[in-house]
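Reviewing the structure listed below.
Whatever order the structure lists ligands and atoms in, that order sets their numbers, starting from 1. Since we're looking at a predicted model, the values are computed, not measured.
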Amino acid sequence: MDFISVKQATELILNETRDFGVEPVPFWGSVGRVLAEDICADRDFPPFNRVTMDGFAFRAEDYVSGCRTFNILGTQYAGEAAVRLNQKETAVEVMTGTPLPEGADSVIRVEDTTVLDGKLILPDGLEVKKNIHYQGIDRKKGDVILKKGHQLKSPDLAVLATVGKSEVLVKKRPKVAVITSGDELVEVHETPEPHQIRKSNVYAISEHISNSCETTDQFHIADDLAETVSKLDELLNNYDALILSGGVSAGKKDYMPTAMEKVGVEKVFYKIQQRPGKPMWFGKKGEKVVFALPGNPVSAFMCAVRYVKPWLEACFGLQPKTEHAQLGVEVTFVPKLSYFMQVQLANDKGVLKALPNEGHGSGDLANLSDADAFLEMELREGSQYDEGEVFRVWKY
Ligand SMILES: Nc1nc2c(c(=O)[nH]1)N[C@H]1C(S)=C(S)[C@@H](COP(=O)(O)OP(=O)(O)OC[C@H]3O[C@@H](n4cnc5c(N)ncnc54)[C@H](O)[C@@H]3O)O[C@H]1N2
Ligand code: MOO
């Protein structure tokens with residue numbers, strides 16, 4: 001059997017990344033997208049000397065030379081242009097968010113002051129030149145605030161809004177078809193006969209990758225070679241990537257590898273030295289790629305988490321997010337395979353611990369809901385994995 005290792009499979013898949021181009025999208029809703037342009041400050045951040053406390057603005061020079069009683073020239077609210085404080089020993093009442101009055105260089109909080117007969121009285125021992133967020137201290141006009149290649153997260157929307165980017169250029173996402181096969185499968189709304197099951201793989205897989213895809217349209221192909229060939233041919237013309245589940249092992253109606261050959265999809269590899277997901281098949285036809293995942297629900301989902309999603313992220317130029325967890329108990333795994341063990345994760349005083357939650361094998365889809373992640377335990381002579389050892393973890 002021409003197994004390849006998990007490492008080799010990863011490399012072969014990541015050799016086949018594609019660039020799907022760029023597109024402008026509304027900034028609102030762009031979280032998760034990858035920037036295809038630098039985002040620059042159109043003004044200083046903040047754009048003016050911003051008062052940071054409700055209180056009074058005054059001149060440090062007056063206070064330092066002994067003045068404690070100031071004439072109040074008026075009140076300045078946020079949204080109003082800065083007034084001018086052009087007389088000695090005067091103050092302006094200011095609100096948080098107002099531009100600092102011209103000529104003033106200090107602000108005191110209202111609760112630290114007394115107003116008597118319309119005059120402001122300041123206490124002794126005051127630190128001057130406080131409570132001002134200075135213009136340009138955070139970022140200067142023209143500075144790059146978000147770099148091309150950055151994956152947008154929630155606070156970035158505030159940056160985009162602040163610089164007036166109502167539309168932003170991002171990397172395009174692929175159109176993906178998620179395809180099931182198998183005559184035993186019926187739809188969710190149908191009542192299965194005793195020998196049938198409802199199809200479930202497509203939903204878990206589609207959802208896991210949906211943020212990285214333009215579409216995750218779903219299709220079903222019957223266990224028939226001619227139909228499989230013609231449907232695959234059609235889908236290859238209309239989608240950037242196909243993700244199939246089922247029909248890749250040794251069964252008499254496992255047509256996927258044969259059908260791929262017939263539609264001209266070149267095999268990059270077939271079978272990985274791993275459990276679950278051993279019979280995974282991966283191929284390409286020109287710019288199109290095909291992931292043919294095993295039908296068993298745990299295997300299909302694990303392969304989507306471990307191989308398909310990272311491929312999508314690599315297509316956008318994102319670095320893999322590597323997370324690790326410490327094995328909470330000793331584990332023995334005899335087969336000569338890398339083991340993606342289902343685990344529950346718990347944070348133990350800042351250390352991420354992984355506890356086995358293995359279920360009943362590749363068909364036990366309910367166990368995926370009990371577990372939180374797959375722990376990638378590389379193939380090891382000796383079959384022994386010790387408590388406290390650290391492994392890469394794939395959360396979902
Ligand atoms: N003689 C051998 N038999 C098998 C081998 C092998 O090496 N030699 N490998 C086993 C392993 S490991 C796996 S994994 C499976 C993979 O099989 P297929 O990819 O051909 O998948 P199917 O046979 O079509 O289905 C397997 C299983 O999964 C259920 N299934 C399929 N699609 C869905 C779906 N969309 N939603 C829910 N469940 C689905 C299907 O009903 C089967 O029970 O092969 C082993 N056999
Ligand atoms: O590889 Mo299969 O995915 O073990 O059940």
Side-chain angles (χ1 to χ4, degrees), residues 1-6 9 176-209 216-225 227-228 231-232 235 242-261 267 269-283 290-308 333-342 358-369 371 374-377 379 394:
M1 211 171 278
D2 54 344
F3 273 155
I4 62 166
S5 69
V6 168
V176 171
V178 184
I179 307 145
T180 49
S181 62
D183 290 344
E184 73 280 26
L185 302 176
V186 300
E187 298 295 338
V188 180
H189 60 270
E190 292 180 284
T191 306
E193 297 291 335
H195 52 277
Q196 295 177 321
I197 55 166
R198 293 193 180 94
K199 64 169 86 147
S200 61
N201 290 354
V202 274
Y203 303 105
I205 295 172
S206 299
E207 185 55 34
H208 189 70
I209 61 170
T216 48
D217 294 342
Q218 296 169 2
F219 299 91
H220 183 74
I221 306 182
D223 283 333
D224 176 90
L225 184 59
E227 187 189 323
T228 306
K231 193 71 193 167
L232 287 179
L235 293 173
L242 309 188
I243 300 168
L244 298 114
S245 72
V248 294
S249 63
K252 285 195 169 163
K253 287 189 171 181
D254 287 340
Y255 294 131
M256 287 310 165
T258 316
M260 291 302 168
E261 206 177 301
K267 180 183 88 175
F269 67 77
Y270 180 28
K271 293 186 181 147
I272 310 175
Q273 208 165 7
Q274 62 179 13
R275 179 173 292 169
K278 184 183 59 177
M280 178 177 160
W281 190 101
F282 176 71
V290 179
F291 293 85
L293 314 182
N296 273 328
V298 176
S299 318
F301 188 65
M302 189 289 273
C303 291
V305 171
R306 177 61 180 82
Y307 301 105
V308 181
F333 182 74
V334 177
K336 293 276 166 278
L337 300 168
S338 287
Y339 184 31
F340 287 86
M341 184 170 67
Q342 292 177 73
E358 296 176 86
H360 303 112
S362 310
D364 185 0
L365 67 111
N367 194 69
L368 287 170
S369 298
F374 297 101
L375 194 70
E376 181 171 339
M377 294 157 57
L379 164 63
W394 297 83

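Atoms of ligand 1 lying under 4.0 Å from any heavy atom of K199, numbered from 1 in the order shown and given with element: 36 (N).
Proximity of P279 to ligand 1 is established by a heavy-atom distance of less than 4.0 Å. For V202, the closest heavy-atom approach to ligand 1 does not fall below 4.0 Å. For S200, the heavy-atom gap to ligand 1 drops under 4.0 angstrom. Assignment of P279 to the shell around ligand 2 is supported, since a heavy atom sits closer than 4.0 Å.
Counting heavy atoms under 4.0 Å from ligand 1, residue A250 touches it through the side chain alone. The backbone and the side chain of N201 each have at least one atom closer than 4.0 Å to an atom of ligand 1 (non-hydrogen atoms only). The proximity of V248 to ligand 1, defined as any non-hydrogen pair under 4.0 Å, involves the side chain as well as the backbone. Contacts between I197 and ligand 1 below 4.0 angstrom, taking non-hydrogen atoms only, involve the side chain exclusively.
Looking from atom 3 (O) of ligand 2 to the surrounding protein, the closest heavy atom is S299 OG, 2.3 Å.
Residue K278 has at least one nitrogen or oxygen atom sitting less than 3.5 Å from a nitrogen or oxygen atom of ligand 2, judged on distance alone. Of the polar atoms of Q274, none of the N or O atoms is found under 3.5 Å from an N or O of ligand 2, judged by distance alone. At a 3.5 angstrom cut-off on N or O pairs, R198 does not count as close to ligand 1.
Between the side chains of E358 and Y339, at least one donor-acceptor pair of N or O atoms lies under 3.5 Å.
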